[in-house]
*Asks:* 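Quick one: structure below, then a few questions.
In each ligand, atom 1 is the first atom listed, and ligand 1 is the first ligand listed. These numbers come from the heavy atoms of this one structure, side chains and all, not from hydrogens, waters or symmetry mates.
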Amino acid sequence: MNKTNTGKLERLGIHTDMELVLHLPSRYEDETKLTSLAEAMFRRIGHIQTEGVITLSEIQYRPRRQLVVFLSDGANQLVLRFLHFYASQQKQLALGKRVRARGELRQGFNGMEMVHPVYKIVDENTPLPDALTPVYPTSEGVSQNFLRKAINEALERIDLSDTLPDALLNKLDLPGFEKSIRYLHNPPANADENALLDRTHPAWERMKFDELLAQQLSMRRAQIARRRQKSNVLKAPGSLTKAFIRSLPFTLTDEQEKVVAEIREDLVKAWPMQRLLQGDVGSGKTVVAAIAACQAIDNGFQVAMMAPTEILAEQHFQRLNEWMAPLGISVVWLNGSMKKKAKEEVLSLIGSGEAQFIVGTHALIQESVRFANLGLAIIDEQHRFGVGQRLVLRNKGGNAESIIPHQLMMSATPIPRTLAMTFYADLDVSVIAKLPPGRKPVVTRLIDQKRRDEVIERIHAATLGGRQVYWVCPLIEESEALQLQTAVETHAILTEALNELSVGLIHGRMKAAEKQAVMTDFLEKRIHVLVATTVIEVGVDVPNASLMIIEHAERFGLSQLHQLRGRVGRGSIDSVCLLMYQKPLGDTAKKRLMTMRETNDGFVISQRDLEIRGPGEFLGARQSGQAMLRFADLEKDVDLIGKAASLAEDLLNGKLPDSDTIMSKHLARWLDYREEYLNV
Ligand code: ADP
Ligand code: MG
């Protein structure tokens with residue numbers, strides 16, 4: 001790249017010539033046409049470019065200091081008004097000069113005028129440009145002119161030859177790369193501006209396709225590279241696995257059997273499993289993870305399970321301990337708020353290998369945690385963790401540095417198809433598509449906040465029938481303290497209104513031990529109604545709870561509502577979810593609440609969520625803010641994603657002549673420092 005330009009360009013995140021030419025316009029200005037002053041006077045409104053000779057140029061002081069310039073063609077007159085200007089501009093706009101001005105026409109005090117037009121001094125023979133003028137995304141201090149010049153220079157010195165052969169492009173019905181990129185930077189005067197703006201123009205399609213292809217190739221290469229890494233072979237089935245499955249109080253569903261088999265096959269391989277287990281809230285992922293854990297323990301390895309919250313981690317611990325301790329397995333648990341002494345004991349059990357199954361929060365990835373021989377890392381609610389955090393756990397393999405534990409990630413937030421095909425293309429995915437039998441769908445009702453009394457009546461009815469109730473307090477984004485206060489107040493109000501019942505309270509500020517005591521009381525039915533903040537959002541499992549009340553449901557996101565609702569309907573009893581809302585409702589809130597009322601299906605909900613919010617939220621920390629796809633749109637470009645994925649597949653399988661050359665050329669063009677990130 002040209003040395004003198006680097007500083008400014010780096011401000012835009014541009015480091016190479018290729019990045020520079022891939023800095024594509026966000027829109028265009030049409031300077032190819034000239035509207036005569038006569039026609040401008042006739043039109044009176046609109047964005048136009050016109051020309052005239054200066055007949056007056058002076059600073060006026062009313063209503064405030066400003067530069068006023070009169071343009072004329074002899075018969076018609078246009079006023080140019082500059083409220084901010086430099087002395088140099090005033091000098092430049094001298095009497096008798098010919099000016100080409102572009103801007104919005106409006107009716108002013110002295111007839112038609114333009115405020116702050118873009119202009120240049122011309123003479124009668126200055127030609128009009130024959131291409132639309134690109135307008136680039138930029139930041140302060142980097143002018144359009146500078147960018148245009150830098151990009152046009154780069155276009156001349158860089159290799160723009162195609163990465164894909166003509167025959168292939170014909171088949172894909174895509175234009176050439178060089179033609180496309182030149183077109184986008186300098187579209188002809190007659191270009192379809194709308195197609196350029198909404199990026200449906202073939203030239204745009206080509207850019208998007210190339211970008212997607214590079215991403216697919218990179219993801220798949222990462223997947224292949226994974227196979228060259230080493231993991232311990234975990235043979236199956238062992239006696240522990242069999243005993244565990246026999247000891248369960250239920251039989252596995254076909255869906256669970258299927259994913260158990262998929263995982264079992266991965267674990268016997270000598271390279272690391274990297275599998276995402278998807279299943280709706282309540283579909284029974286934990287037991288699947290436990291079976292995988294048995295396979296590792298059977299082979300003499302340790303297993304770690306990491307969960308995003310203390311409540312969830314502790315609950316996993318309790319359940320797993322209940323299941324596995326009778327089989328002679330040592331299950332331990334680790335969290336951040338443990339007392340020093342207790343923690344040290346657990347750490348030493350982990351380090352010595354005595355602890356076989358280690359359940360915990362983020363505490364598991366701290367420096368001080370040393371595993372003796374970690375064979376399998378399980379991450380629950382994986383979307384709550386960043387790539388970095390998952391990597392740390394993966395790198396805690398124990399003795400042999402180069403051996404990587406198998407990794408099982410779990411999520412109840414289904415990934416929409418387009419995301420699965422792009423950002424998650426490097427993972428193997430298992431899906432539990434159905435809930436265990438006997439579950440009844442939760443009935444969801446929307447209730448105006450004003451009808452709180454009726455809600456309290458319902459609580460009476462539910463508890464009389466021996467059921468338990470969750471009451472979730474409103475999310476207050478801006479203040480955790482305020483959220484806490486609301487929870488405490490609600491608890492007091494409900495305690496009074498339901499004086500014959502036991503009302504509990506749980507929130508994020510409580511100590512882990514306090515939270516656990518409350519959850520145990522709730523599980524053992526000493527608490528009838530549990531007032532909670534969103535700490536109960538993920539994973540909590542109390543099958544006897546059958547009524548879920550969410551206050552100010554309009555403030556919650558869809559997946560959050562779905563997760564919360566998933567806390568009920570876990571047993572075989574009829575469950576109800578009451579979403580209390582306060583009017584007026586915004587459009588988005590309305591859509592979310594309707595979706596909740598309509599369906600219990602996590603996949604449908606996540607698809608709607610994608611439509612309502614866009615993909616950003618789903619990706620979470622996966623790309624930590626780095627927009628890996630700049631051009632392609634996950635919703636609009638489904639077809640292109642499909643085409644790119646299948647071409648990537650063909651290339652990697654060597655199905656095309658010169659597959660390798662094509663791939664390396666394409667990746668060299670499109671991937672630079674990004675690839676590193678893609679490979680984690
Ligand atoms: P999630 O997939 O949301 O993590 P859990 O693993 O917490 O779901 O399972 C929800 C409940 O379903 C638990 O109480 C679990 O013991 C129970 N469960 C799991 N599998 C089955 C099954 N095959 N039959 C009956 N109940 C099951
Ligand atoms: Mg779970």
Side-chain angles (χ1 to χ4, degrees), residues 244-263 275-294 305-324 326 357 359-361 378-385 408-415 429-442 468 470 519-520 522-525 534-546 548 559-573 575 577 600-603 605-606:
F244 175 68
I245 295 176
R246 261 201 313 274
S247 75
L248 287 171
F250 46 76
T251 39
L252 296 177
T253 63
D254 291 352
E255 295 278 326
Q256 283 169 321
E257 294 276 12
K258 180 195 70 186
V259 302
V260 162
E262 285 165 353
I263 294 167
R275 187 169 282 277
L276 177 64
L277 171 56
Q278 284 196 6
D280 208 347
V281 178
S283 60
K285 297 184 288 295
T286 317
V287 67
V288 172
I291 294 169
C294 286
M305 183 190 267
M306 184 160 77
T309 67
E310 283 192 359
I311 295 194
L312 185 54
E314 170 125 22
Q315 189 181 294
H316 278 326
F317 166 69
Q318 299 217 323
R319 201 195 292 167
L320 293 165
N321 195 41
E322 215 168 274
W323 279 341
M324 306 188 105
F357 200 155
V359 181
T361 56
I378 301 168
I379 296 163
D380 195 16
E381 308 292 343
Q382 65 90 25
H383 58 285
R384 294 292 206 92
F385 294 97
L408 177 65
M409 289 162 270
M410 305 198 282
S411 175
T413 306
I415 302 165
V429 180
S430 290
V431 181
I432 305 180
K434 279 206 209 96
L435 301 183
R439 297 281 171 80
K440 299 208 176 125
V442 180
Q468 289 164 283
Y470 290 103
M519 283 316 290
T520 308
F522 192 52
L523 192 62
E524 292 172 1
K525 306 185 190 173
T534 44
V535 294
I536 60 150
E537 182 191 339
V538 287
V540 173
D541 187 31
V542 179
N544 190 52
S546 69
M548 164 66 63
S559 70
Q560 225 173 359
L561 289 172
H562 182 58
Q563 282 277 358
L564 285 168
R565 179 171 61 184
R567 300 310 108 216
V568 295
R570 308 211 124 215
S572 50
I573 38 178
S575 294
C577 174
N600 273 294
D601 183 330
F603 277 90
I605 288 175
S606 94

*Asks:* Mind checking whether Ile432 has a heavy atom under 4.0 Å from ligand 1?
*Replies:* no
*Asks:* Which atom pair, heavy atoms only, marks the closest approach of Gly569 to Ser575?
*Replies:*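 Looks like N-OG, 3.0 Å.
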*Asks:* Report, in ascending order of atom number, the atoms of ligand 1 lying under 4.0 Å from any heavy atom of Thr286.
*Replies:*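 Taking each heavy atom of Thr286 in turn, ligand 1 has 4 (O), 5 (P), 6 (O), 7 (O) under 4.0 Å.
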*Asks:* Applying a 4.0 Å heavy-atom criterion (strictly less than), which segment of Met410 is in contact with ligand 1: side chain, backbone, both, or neither?
*Replies:*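 Neither; nothing of Met410 gets under 4.0 Å from ligand 1.
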*Asks:* Listed by chain and number, what are the salt bridge (Lys or Arg N to Asp or Glu O under 4.0 Å) partners of Lys258, not counting sequence neighbours?
*Replies:* Glu255
*Asks:* What atoms in ligand 1 come closer than 4.0 Å to a heavy atom of Gln256?
*Replies:*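 Counting atoms of ligand 1 from 1, those under 4.0 Å from Gln256 are 19 (C), 20 (N), 21 (C), 22 (C), 23 (N).
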*Asks:* Hey, could you give me the CG/CG distance between Asn600 and Asp280, rounded to the nearest 0.5 Å?
*Replies:*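 Here the interatomic distance stands at 8.5 Å.
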*Asks:* Can you give me the closest heavy-atom contact between Ala290 and Met324, atom names plus distance?
*Replies:*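 For Ala290 and Met324, the tightest heavy-atom pair comes out as O-CE, 4.0 Å.
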*Asks:* Shortest non-hydrogen contact from Val568 to Val442?
*Replies:*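 Where Val568 meets Val442 most closely, the heavy atoms are O-CG2, 3.8 Å.
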*Asks:* Closer than 4.0 Å to some heavy atom of Val281 - which atoms of ligand 1 meet that?
*Replies:* 3 (O)
*Asks:* Please check whether Gly282 reaches ligand 1 - meaning an N/O of the residue sits under 3.5 Å from an N/O of the ligand, judged on distance alone.
*Replies:* yes
*Asks:* Compute the shortest N/O to N/O distance between Gly284 and ligand 1 and return yes if it is under 3.5 Å, no if not.
*Replies:* yes
*Asks:* For Gln468 versus Asn544, what's the shortest heavy-atom pair and its separation?
*Replies:* OE1-ND2, 2.9 Å
*Asks:* Could you tell me which residues satisfy salt bridge (Lys or Arg N to Asp or Glu O under 4.0 Å) with Glu524, sequence neighbours excluded, listed by chain and number?
*Replies:*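 Listed in chain order: Arg526.
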*Asks:* Do ligand 1 and Thr251 have nitrogen or oxygen atoms that lie under 3.5 Å from each other?
*Replies:* yes
*Asks:* Please work out, at 4.0 Å between heavy atoms, whether the side chain, the backbone, both, or neither of Asp380 comes within that distance of ligand 1.
*Replies:* neither
*Asks:* Does Gly279 have a heavy atom less than 4.0 Å from any atom of ligand 1?
*Replies:* no
*Asks:* Where does Pro436 meet ligand 1, judged by heavy-atom distances below 4.0 Å: at the side chain, the backbone, both, or neither?
*Replies:* side chain
